[in-house]
Amino acid sequence: AGMNETAIENFVCVIFNVSFMNCTWHVDRTVSGDTQYFLYWKTSGKEDFTECQNYIKDDFERHRGCRFQNVMIENKKAYFLVNGSRSGQNIQSYEKKIKLYKIEKLTPPLNVTVNCTEASHRCEIQWQPPRTSHVKRHACFKYEIVIENK
């Protein structure tokens with residue numbers, strides 16, 4: 001339903017620094033500047049949708065994304081809905097379901113220390129796992145170390 005060629009494209013969400021999430025989308029160049037978009041989301045089929053409180057806007061003050069804080073990943077799915085209007089008419093809506101843990105960009109490992117001894121020509125490297133809100137078992141992480149001689 002809604003006017004043709006008005007739906008958003010390339011809807012993407014990323015969670016970073018444990019609890020911040022940005023969702024963005026693209027709008028076709030032919031969509032007029034008076035078209036406005038609204039993002040709603042929920043993490044349960046039983047909840048009501050909640051509208052974005054912190055929109056990212058383009059040069060036309062058109063909503064092109066949303067910034068979220070205090071997002072709890074756990075093992076939840078999120079349901080997103082983007083709709084809107086142009087000149088009082090509804091535009092095509094867009095819906096997407098996302099498993100939140102799949103869109104998290106992890107922080108680097110914490111407290112990395114390196115201790116090398118010349119006598120044994122050995123180095124010991126230690127670190128703590130990255131911060132995350134949903135991974136409880138440290139064995140879930142895999143690490144790669146790149147050593148460069150300088």
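Bear in mind that the values here come from a model prediction, so they are computed numbers and not experimental data.
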Practice problem: Kindly check if Cys52 and Cys23 bring their SG atoms closer than 2.5 angstrom. | Solution: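 Unbridged: Cys23 and Cys52.
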Quiz item: Tell me the disulfide bond (SG atoms under 2.5 Å apart) pairs involving residues 77-111, sequence neighbours left out?
Solution: none
With a sphere of 6.0 Å drawn around [atom1] of [X], does it hold more than 12 non-hydrogen atoms of other residues, nucleotides or ligands?
{"X": "Asp59", "atom1": "CG", "value": "no"}
{"X": "Phe60", "atom1": "CZ", "value": "no"}
{"X": "Asn54", "atom1": "CG", "value": "yes"}

Exercise. Please write out which residues are connected to Phe16 in a hydrophobic cluster, directly or through intermediates, given that two of Ile, Leu, Val, Met, Phe, Trp, Tyr count as joined at side-chain heavy-atom separations below 4.5 angstrom.
Key: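 Taking Ile, Leu, Val, Met, Phe, Trp and Tyr as members, Phe16 shares its hydrophobic cluster with Phe20.
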Is the shortest side-chain heavy-atom distance between [X] and [Y] below 4.5 Å?
{"X": "Val112", "Y": "Gln126", "answer": "no"}
{"X": "Leu81", "Y": "Tyr94", "answer": "no"}
{"X": "Thr50", "Y": "Asp48", "answer": "no"}

Taking only residues two or more places apart in sequence or in another chain, which ones pass salt bridge (Lys or Arg N to Asp or Glu O under 4.0 Å) with [X]?
{"X": "Lys42", "answer": "none"}
{"X": "Glu61", "answer": "Lys57"}
{"X": "Asp34", "answer": "none"}

Quiz item: At what distance, to the nearest 0.5 angstrom, does NZ of Lys76 lie from CD1 of Ile98?
Solution: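 Going from NZ on Lys76 over to CD1 on Ile98, the span is 15.0 Å.
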Quiz prompt | Reported CG-to-CD distance for the pair Asn17 and Gln69, which is rounded to 0.5 angstrom | solution =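 The CD atom of Gln69 is 11.5 Å from CG of Asn17, to the nearest 0.5 Å.
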Quick check on the hydrophobic clustering: are [X] and [Y] connected, directly or via other members, by side-chain heavy-atom contacts under 4.5 Å?
{"X": "Val12", "Y": "Phe38", "answer": "no"}
{"X": "Ile147", "Y": "Val114", "answer": "yes"}
{"X": "Phe141", "Y": "Ile145", "answer": "yes"}
{"X": "Leu106", "Y": "Val18", "answer": "no"}
{"X": "Val82", "Y": "Val14", "answer": "no"}

Quiz item: Looking at Tyr143 versus Trp127, is the centre-to-centre ring distance below 6.0 Å?
Solution: yes
Quiz item: Is the Phe11-Phe80 ring centre distance short of 6.0 angstrom?
Solution: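 When the ring centroids of Phe11 and Phe80 are compared, they turn out to be within the sub-6.0 Å range.
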Assess, by modelled atom type and distance only, whether the side chains of [X] and [Y] contain a donor and an acceptor separated by less than 3.5 Å.
{"X": "Gln53", "Y": "Glu51", "result": "no"}
{"X": "Gln89", "Y": "Ser85", "result": "no"}
{"X": "Glu124", "Y": "Asn115", "result": "no"}

Practice problem: Please report the closest heavy-atom contact between Tyr55 and Leu39, naming both atoms and the distance. | Solution: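 What the structure gives for the nearest pair is OH-N, 2.9 Å.
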Quiz item: Can you list every salt bridge (charged side-chain N to carboxylate O under 4.0 Å, His left out) pair that touches residues 96-111, not counting sequence neighbours?
Solution: none
